[in-house]
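What follows is a single structure, written as structure tokens, with notes after it.
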Amino acid sequence: MPSFDLGAPVNTALLLYILYAVQRIIFPPSSTKSKSTQIPTEFKHGYSWMPKAHPPTVLFTTYTPKTLSPFDGKDSGRILLAIDGTVFDVTAGRNFYGPNGMYGNFAGRDATRGMAKQSFDIEMLTPIDQPLDKCDDFTPEEIENMKGWFDHFSNKYIVCGKLVENDAV
């Protein structure tokens, strides 16, 4: 078994480092008092990260096609749309879902069929005075499209309600 030789430069350097580390642990350096008594300048006028106003509270609501239709963004108000019975607040995406947006015809409506078939045609929308679209004729690919859009909306927008038949509420 080799013995520990302090004559070797590596062993001497290692021993000195260990002694230094132990000394720092046992006797930590004292902090200077001038630094700890100074108040940071960024906090003199209060916390700057506080919001100016609390964002509006979103209440989970049950919608029907008729009660959902006013939320189409035409009056610069909220924009809601439904996919597979779940209502999303897409107001943050006004450029896409607002009156002049690429998906504007889905605003205030059940967008399930249009999203599943990846069609923006007005024919994809069920009239608001008719029963909800059961989507029984979807192919497996269209069901996957719809689930993909549902996941996208779930990750990006606030779920604010559910969509039920007109006579359910």
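Note that the structure is a prediction, hence the values are computed from the model and not measured.
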Subject >> Leu81 side chain near Tyr97 side chain, heavy-atom distance below 4.5 Å >> reply: yes
**OP:** Just grab all the salt bridge (charged side-chain N to carboxylate O under 4.0 Å, His left out) pairs involving residues 19-29, residues at least two apart or on different chains.
**Re:** none
**OP:** Identify which one of Glu142, Glu141, Glu123, Glu144 satisfies the salt bridge (charged side-chain N to carboxylate O under 4.0 Å, His left out) criterion when paired with Lys117.
**Re:** Glu142
**OP:** List for me each residue that meets side chain to side chain donor-acceptor pair (under 3.5 Å) alongside Asn100, sequence neighbours excluded, and say none if there are none.
**Re:** none
Original post:
Which pair of non-hydrogen atoms, one from Cys160 and one from Tyr63, has the smallest distance, and what is that distance?
Top reply: O-CE1, 4.0 Å
Original post:
Which pairs count as salt bridge (charged side-chain N to carboxylate O under 4.0 Å, His left out) when at least one residue sits in residues 150-162, sequence neighbours excluded?
Top reply: none
Original post:
Are Phe88 and Phe150 close enough, and set up right, to give a side chain to side chain contact (heavy atoms under 4.5 Å, CB included), and what steps lead you there?
Top reply: CA-CA 10 Å; Phe88 297 94; Phe150 186 89; 3.8 Å; yes
Original post:
For the atom pair OG (Ser119) and CG (Asn145), what is the distance rounded to the nearest 0.5 Å?
Top reply: 11.5 Å
**OP:** Check whether any side-chain heavy atom of Val159 lies under 4.5 Å from a side-chain heavy atom of Phe60, and answer yes or no.
**Re:** yes
Subject >> Under-4.0 Å salt bridge between Lys134 and Glu165 >> reply: yes
Original post:
With side chains defined as the heavy atoms from C-beta onward, is the minimum distance between Ile143 and Lys147 less than 4.5 Å?
Top reply: yes
Subject >> 4.5 Å side-chain heavy-atom contact, Leu16 and Leu14 >> reply: no
**OP:** Tell me whether Val58 is reachable from Val90 by hopping between hydrophobic residues (I, L, V, M, F, W, Y) whose side-chain heavy atoms are closer than 4.5 Å.
**Re:** no
Subject >> Residues which pass side chain to side chain contact (heavy atoms under 4.5 Å, CB included) with Ala82, listed by chain and number, not counting sequence neighbours >> reply: Leu68, Val87, Asp110, Leu163
Original post:
Under 4.5 Å between side-chain heavy atoms, hopping through other hydrophobics if needed: is there a path connecting Ile83 to Phe120?
Top reply: yes
Original post:
Taking a hydrophobic cluster as the set of Ile, Leu, Val, Met, Phe, Trp and Tyr residues connected by side-chain heavy atoms closer than 4.5 Å, whether directly or through intermediates, do Phe27 and Tyr20 fall within one such cluster?
Top reply: no
Original post:
Given side chains that start at C-beta, do those of Thr112 and Met146 come closer than 4.5 Å, heavy atoms only?
Top reply: yes
Subject >> Gly101 backbone acceptor or donor facing Asn95 side chain under 3.5 Å >> reply: no
Subject >> Co-membership, hydrophobic cluster, residues Ile158 and Met115, 4.5 Å side-chain >> reply: no
**OP:** Check whether any side-chain heavy atom of Thr126 sits under 4.5 Å from a side-chain heavy atom of Pro65, and report yes or no.
**Re:** no
**OP:** Could you list the residues that satisfy salt bridge (Lys or Arg N to Asp or Glu O under 4.0 Å) with Asp137, not counting sequence neighbours?
**Re:** Arg113
Subject >> Atom of Gly77, atom of Thr91 and distance for their closest heavy-atom approach >> reply: O-CG2, 4.2 Å
Subject >> Heavy-atom side-chain proximity of Lys66 to Asp129 below 4.5 angstrom >> reply: yes
Subject >> Value rounded to 0.5 Å, distance of CG in Leu80 from CZ in Arg109 >> reply: 13.5 Å
Original post:
Among the clusters formed by ILVMFWY side chains lying less than 4.5 Å apart, do Leu59 and Phe71 turn up in the same one?
Top reply: no
Subject >> Geometric class of the Phe96/Tyr103 ring pair [parallel <30°, tilted 30-60°, perpendicular >60°] >> reply: tilted
**OP:** Could you list all the salt bridge (charged side-chain N to carboxylate O under 4.0 Å, His left out) pairs where at least one residue sits in residues 72-84, not counting sequence neighbours?
**Re:** Asp72-Lys74, Arg78-Asp89
